[in-house]
Student: 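Here it is: the structure, laid out below.
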Amino acid sequence: AMVRTFGTAGPIESHDFSGKTDPQIARELLVEAKLPTERIEDGFEALWTEYLGELETRLSELPMTLLPGVTETLAALEAEREIALGLVTGNIVRGADLKLGSVGLMGRFAVGGFGSDHEVRNHLPGIAIRRAAENWGVDFDGDAVVVVGDTPLDIACGRHCGTRTVGVATGSFGMRELESCGADHTFEDLSETGRVLEVLMS
């Protein structure tokens, strides 16, 4: 999609994507490729059209993989009337829908904050919290919210918005790395559903 839109994908093979928003990733790569800001801005709309078409095609052939304990944890949280589920992701909203849909999780999150809402990851929890307040008619203060993620930037965005944070070492970062970034709790994965629920609901 980058090549079709801009003629280059920049140094994509060596780029660190971890925990970033889609627009941030694209901008960083294009800046590295020395494209001017105006050209980048003018091409973003066409980029996302190309990207989503390609993503939908590829996901039909190779869907996302559900990690251990995700389905069980979501089901247990949904059964709790006092729990509100939201999604915070650097994906643009339609990209998130496609990825969730590929593993049967579409519709499990009533609200969210997405890369298409803001390019800066730290703003996304606040956006999701505002939408949750509007959706459920409840004010969610920081202590009532938990951001769960698998990268240091996930932990950072939760801390930026004053939420509690849980690191899950299912990506490129281990428990120790996530702890050193300030995660309040860490897990190898979500397979120990009982323990995970204790932390999330404490």
Side-chain angles (χ1 to χ4, degrees), residues 1-71 73-74 85-128 131 147-158 167-173 178 189-190:
M2 294 273 280
V3 171
R4 288 178 193 157
T5 306
F6 295 102
T8 179
I12 197 164
E13 297 300 330
S14 59
H15 195 71
D16 180 11
F17 290 66
S18 303
K20 298 177 181 178
T21 66
D22 287 346
Q24 178 186 0
I25 292 165
R27 187 181 303 279
E28 287 176 352
L29 288 166
L30 294 168
V31 167
E32 286 288 325
K34 309 300 184 190
L35 268 69
T37 300
E38 185 176 344
R39 172 77 180 91
I40 296 170
E41 294 293 344
D42 289 347
F44 261 9
E45 185 174 347
L47 172 65
W48 303 131
T49 300
E50 289 281 354
Y51 164 71
L52 291 170
E54 188 69 26
L55 180 64
E56 188 164 15
T57 298
R58 293 194 185 198
L59 285 173
S60 67
E61 301 165 358
L62 187 64
M64 304 296 289
T65 301
L66 272 177
L67 294 170
V70 169
T71 302
T73 300
L74 284 176
L85 286 174
L87 181 67
V88 171
T89 175
N91 289 275
I92 60 175
V93 64
R94 178 60 182 150
D97 286 346
L98 289 170
K99 291 180 181 182
L100 290 170
S102 79
V103 288
L105 296 183
M106 185 71 169
R108 304 290 287 269
F109 303 94
V111 299
F114 303 89
S116 43
D117 292 319
H118 206 292
E119 190 169 325
V120 178
R121 182 62 179 255
N122 280 355
H123 292 299
L124 301 188
I127 292 169
R131 287 176 176 160
V147 169
V148 181
D150 65 359
T151 76
L153 290 181
D154 297 327
I155 304 305
C157 79
V168 186
T170 47
S172 302
F173 302 91
L178 296 170
D189 56 36
L190 300 180

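These figures come from a predicted structure and were not determined experimentally.
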Student: Would you say D154 and V168 make side-chain contact, with heavy atoms under 4.5 Å?
Tutor: no
Student: Could you check whether E119 pairs with K20 (Lys NZ or Arg NE/NH1/NH2 to Asp/Glu carboxylate O, under 4.0 Å)?
Tutor: no
Student: Is there a side-chain contact between R121 and V88 in this structure, where contact means two heavy atoms from C-beta onward sitting under 4.5 Å apart?
Tutor: yes
Student: Under 6.0 Å from the CZ atom of R39, do we count more than 12 heavy atoms belonging to anything else shown?
Tutor: yes
Student: Taking side chain as C-beta onward, heavy atoms only, is L74 less than 4.5 Å from L85?
Tutor: yes
Student: Search all heavy atoms of R131 against all heavy atoms of V111 and return the closest pair with its distance.
Tutor: O-CG1, 3.8 Å
Student: To the nearest 0.5 angstrom, please state how far the CZ atom of R4 sits from the CD atom of E54.
Tutor: 5.0 Å
Student: How far does CG of L59 sit from CG of L98, to the nearest 0.5 angstrom?
Tutor: 6.5 Å
Student: So how far is it from L66 CG to L100 CG, rounded to the nearest 0.5 Å?
Tutor: 9.5 Å
Student: Which distance, rounded to the nearest 0.5 Å, do you find between the CZ of R27 and the CD of E41?
Tutor: 4.0 Å
Student: What are the two closest heavy atoms between C157 and V147, and how far apart are they?
Tutor: SG-CG1, 4.4 Å
Student: Who are the ring pair (Phe, Tyr, Trp, His ring centres under 6.0 Å) partners of F44, not counting sequence neighbours?
Tutor: W48
Student: Keeping T151 on the side-chain end and S18 on the backbone end, is there a donor-acceptor pair under 3.5 Å?
Tutor: no
Student: Within the distance-only criterion (no hydrogens, no angle test), does the side chain of D150 pair as donor or acceptor with the backbone N or O of T170 below 3.5 angstrom?
Tutor: no
Student: With heavy-atom distances below 4.5 Å as the criterion, would you say the side chains of V103 and V70 are in contact?
Tutor: no
Student: Out of L30, L47, L29, which one pairs with I40 under the side-chain contact (heavy atoms from CB on, under 4.5 Å) rule?
Tutor: L30
